[in-house]
Asks: 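The structure follows.
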Amino acid sequence: MSEQTQTKPRTPRGERYEPRAIERKWQARWQADGLYLTPDDDPRPKWYALTMFPYTSGNLHVGHWFAMAPSDTAARYRRMRGYNVLFPMGFDAFGLPAENAAIKEQAHPAQWTFRNVERMREQLKSMGAMFDWSREVITASPDYYRWTQWWFLKLLEHGLAYKQNAPVWWCPNDQTVLANEQVIDGHCERCGAAVSKRDLDQWFFRITRYAEELLDFSGLQWSSQIESMQRNWIGRSEGAELRFGLDVPGVDAREVRVFTTRPDTVYGVTFFVLAPEHPLTLQITTPERAAAVRAYIDAARKQTEIERTSTEREKTGVFTGAYVTNPFNGARVPVWTADYVLATYGTGAVMGVPAHDQRDFEFAKKFALEIIPVFRHADWDGGELTSALGHGGTMINSGPFDGTPDEEAVGAVVRYAEEQGFGRGTVTYRLRDWLISRQRMWGAPIPVVYCDSHGIVPVPEEDLPVLLPEDAEFRPTGESPLTYHEGFLHTTCPIGGEPARRETDTLDTFMCSSWYQMRYIDPHNDERPFSRELARAWLPVDQYSGGTEHAVMHLLYARFFTKAARDMGIVEFGEPYIRLFNQGQILGPDGQRMSKSRGNVIAPDGQVEQWGADAVRAYLMFLGPWDQGGPYDPSGITGIYRWLNRAWNLVTAEMPPASLADAPETRELRRRTHHTIERATRDIELFRFNTMLAALMEFTNELTKLRESRRPVDAAAWREAMRSLILMLAPSVPHIAEELWERLGEPYSVHTQRWPEFDSALTAQERVEVAVQVNGKLRDRLALAPGAPEALARDQALASERVAPHIAGKQIVRVIYVPDRLVNVVVR
RNA sequence: GCCGAAGUGGCGGAAUGGCAGACGCGACGGUCUCAAAAACCGUUGGGCUUCACGGCCCGUGUGGGUUCGACUCCCACCUUCGGCACCA
């Protein structure tokens, strides 16, 4: 629609609804009055509502509005329910896009980032949300990353940070290492390039120490979907670690440890497999097998992760020439190396039980290794196996354990292993430690220095922040650009004053977002990251919301941080976010993900310009359930816009004064008012914004009809309806609500009023419609008083002339009566 | 392959054992207008039938089942989306 052809609906009297004018007016007024500043000392109960802060990409898109407008509505509702609500906003400002933009523009990433912050803050303000901007945090500003560095020092001090040479994920495009969580199907989570492994000295956080506790979601109200994604990611497996004997000349190790979930199949071991990267693989290889094994390991390392982990691929592997001894039966079995065994899981070794494990079975078939079943199984006739056997049956070929049923087998074998010293029952997790080093420049420098005399020396707390230089080169070289900045690199040892070298890697940006919720409560504190008193007053977050894409990164890291902070005595709780809601994703009008390349991006700014922020907010909430998302169809917003106009006309219209307090019409008006309050309250509590708005639309339509009927209406009841309508509009469409509140002659501000209460005595209908069915089919409707006695309902139903033809000549078997709902006559 | 969510008019969706399609978009008809747009009012799941009021049948992915009654609960299957996937 063009600007020229669009005309505004006219009100019968008075001024038209001009969203842009009233939105500008009230945003300025709210800011001038500090309406949304959150006091720390306030007698009301606290409510900390938080929406994931945006990355400083440069532009807010409708997806951000979809995340923030409903959460703003929920926060405003809480405030109207008498809570002191903290609803802050900030910017996730470190990260690669800034650096890439800087390389392109030959400018510093800080310029790009802070320019984007300015723009996005204005876009956010146009939404009219109740963000308390005095608490804004920007993770790339020194007074924030100073404390990110402080957290690193604390974790280092408590043994939760360590440096290690390890094979780590490498993204060739972004020229940096990645955390496990950032690798999706063998590709870089950010840029999509195929990743490979590199051996590098890197910093890690010991998140694995919390693996078990991170599986505990009691006390949290999170969706079961996110819970199961985290459980899946942590990947707990119960089993046993067993020790197989090793006797290879010239090798010190006397045993190899192996993790298995099926210790009960240990008598079925016919071979043994080490991961190509396992430290013993080359050591134990016999001279005549060395060339083949070396070649295999090299080939394995060159493969991309996608090639290597493809499940379709045929098994490969080579024999090392060495043997290990099964401690249970003394059997000597050949040791192979094969890339289906992962170095990073368990102990990097597998005991091959081809009869009971499909992967081992395929390997044994390929290399003609022996297959010994150790369970008599219902699916097995005693002949040659065509696939591995599943669980079940009783043990055979297992010496003293023969005859043990499946259910007791694992326990019996583990007990025996522990008695004999062969191994022990144990639990393994898929979760690995969190790799936090990044070889890029636009992040918080890791605050340590390397000194020839004193080794790794943490930067003293009082010397923080370790500032990023303002004139670094950004060419990605695989090493941090900070390495080439002489002024940054060279420093002195905090202990002895010797010349020393700074750590040039920076911290993973997920570290910034692991604690930002704690900084909002005390954002200007320059003594500590936040004060203990304010932490006690505000934390943890009561209601958090954001997209599912952070299920196993941000949300897992933040939980780890909180537990570590608790154990370090910094906070007194172990979970950052009590309630979590995940909104869906907004798609383009074509149902595809919005992207510049598809040309289906809807910018919120244009929609706001055309329809007003209130209409855009309400439309996003009206589209469907918040957790669902869906396509943004720009033509639908007219429905919302028309509705807001109807509401405007309704409130601004003159109503002739009348006093009809006891009239049936008045009772009906009040019933509708209170019934709407009941519906809207229930829906907003459950974040069902779409049905809440539908209820308000119905109410508006009913009131419009009543006004247009030109029948006299009781003035007090009408005013109650108007007040209630505006109060219920206030959280969703804050600007028009404020304007109408003022025009109704009520005192500023509508946003400091209480949410209306409904009186259940008034919501009852005088007559209810009761459906009459015959054998479950609708035949008639009766108008009865609520709670009408069964006999009455039954007699009226049977007397109905619409029912008569359907029961004529038939026998009435029974009559079911659900009060106020239906009568069902069952005939034969 | 495994785990989870979902499938309802032309479209977004509502109803979670009791009147399917609330609310909104779109479409069609009307009012206003010289005309159009906007706005407002009305109709709008499909089929059959009636001059008409109305009546009847079918209908919530498919096939079964439980129930007086099923979009809703149970079983099997199909499709779509999300997560995990050689994790021993």
Side-chain angles (χ1 to χ4, degrees), chain A residues 1-2 4-12 184-185 223-233 235 237 239 258-262 265 273 275 308-313 315 338-342 344-353 356-360 362-363 428-431 548-549 551-552 584-585 619 622-625 627-628 630-640 642-643 645-646 649 688 690-698 701 704-705 708 769-781 802 805 813-818 820-827:
Chain A
M1 187 182 312
S2 76
Q4 285 72 33
T5 57
Q6 184 201 345
T7 48
K8 303 285 175 184
R10 290 190 179 279
T11 60
I184 315 285
D185 290 334
S223 73
S224 58
Q225 197 199 348
I226 300 289
E227 271 191 41
S228 85
M229 282 169 75
Q230 292 208 347
R231 277 180 209 288
N232 232 326
W233 189 261
S237 288
V258 66
F259 174 76
T260 177
T261 53
R262 292 296 307 276
T265 63
V273 192
R308 185 158 164 183
T309 57
S310 164
T311 45
E312 267 104 86
R313 208 169 55 113
K315 296 276 177 291
D339 64 6
Y340 82 92
V341 176
L342 307 175
T344 46
Y345 184 78
T347 63
V350 162
M351 58 179 216
V353 186
H356 297 281
D357 181 284
Q358 186 58 28
R359 296 153 304 186
D360 297 345
E362 287 163 19
F363 193 77
T428 292
Y429 303 89
R430 204 189 80 113
L431 181 72
T548 358
E549 66 274 19
V552 289
Q585 198 176 33
Y619 183 49
F622 186 68
L623 281 178
D627 58 0
Q628 204 173 294
Y632 186 94
D633 172 8
S635 65
I637 196 170
T638 53
I640 295 289
R642 285 175 196 146
W643 167 57
N645 273 288
R646 283 199 299 278
N649 296 344
R688 294 193 331 204
N690 57 330
T691 50
M692 174 192 70
L693 291 173
L696 296 182
M697 286 179 190
E698 278 181 65
N701 295 346
T704 301
K705 279 210 167 70
E708 285 174 354
E769 204 174 59
V770 174
V772 181
Q773 299 181 337
V774 177
N775 285 351
K777 292 205 170 179
L778 180 71
R779 297 302 175 189
D780 197 7
R781 296 182 172 96
R802 296 208 178 144
V813 183
R814 58 194 277 213
V815 177
I816 285 140
Y817 176 53
V818 182
D820 304 344
R821 286 294 202 166
L822 60 54
V823 177
N824 188 11
V825 182
V826 185
V827 296

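Every chain is numbered from 1 and lettered A, B, ... according to where its sequence line falls, protein lines coming before strand lines.
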Asks: Using a 3.5 Å cut-off on both pairing distances, which stems of three or more Watson-Crick or G-U pairs include RNA chain B?
Replies: B:1-7 with B:78-84, B:10-12 with B:23-25, B:26-31 with B:39-44, B:45-49 with B:54-58, B:61-65 with B:73-77
Asks: Between A:N649 and B:rA39, is there a contact of a side-chain N or O with OP1 or OP2 at under 4.0 Å?
Replies: no
Asks: Calculate, to the nearest 0.5 Å, the distance between atoms CE and CE belonging to A:M692 and A:M697 respectively.
Replies: 10.0 Å
Asks: Does B:rG18 have its OP1 or OP2 closer than 4.0 Å to a side-chain nitrogen or oxygen of A:N824?
Replies: no
Asks: I'd like to know if A:E362 reaches the base of B:rC86 with its side chain, counting only an N/O donor and acceptor under 3.5 Å.
Replies: no
Asks: Considering residues at least two apart in sequence or located in another chain, which fulfil the side chain to side chain contact (heavy atoms under 4.5 Å, CB included) criterion with A:S228?
Replies: none
Asks: Donor-acceptor pair under 3.5 Å: do we get one between A:N232's side chain and the base of B:rC84?
Replies: no
Asks: Taking the side chain of A:P625 as its heavy atoms from C-beta onward, which of B:rG24, B:rG18, B:rG13 lies nearest to it?
Replies: B:rG13
Asks: Check this one for me: any side-chain N or O of A:R642 less than 4.0 Å away from OP1 or OP2 of B:rG24?
Replies: no
Asks: For B:rG17, does the O4'-C1'-N9-C4 or O4'-C1'-N1-C2 angle fall within 90° of 0, making it syn, or is it anti?
Replies: anti
Asks: Under 4.0 Å between a side-chain N/O of A:Q628 and OP1 or OP2 of B:rG13, yes or no?
Replies: yes
Asks: Does a side-chain N or O from A:R231 land closer than 4.0 Å to OP1 or OP2 of B:rC3, or not?
Replies: no
Asks: Tell me if the side-chain of A:R781 makes a donor-acceptor pair with the base of B:rC19, cut-off 3.5 Å, by modelled atom types.
Replies: yes
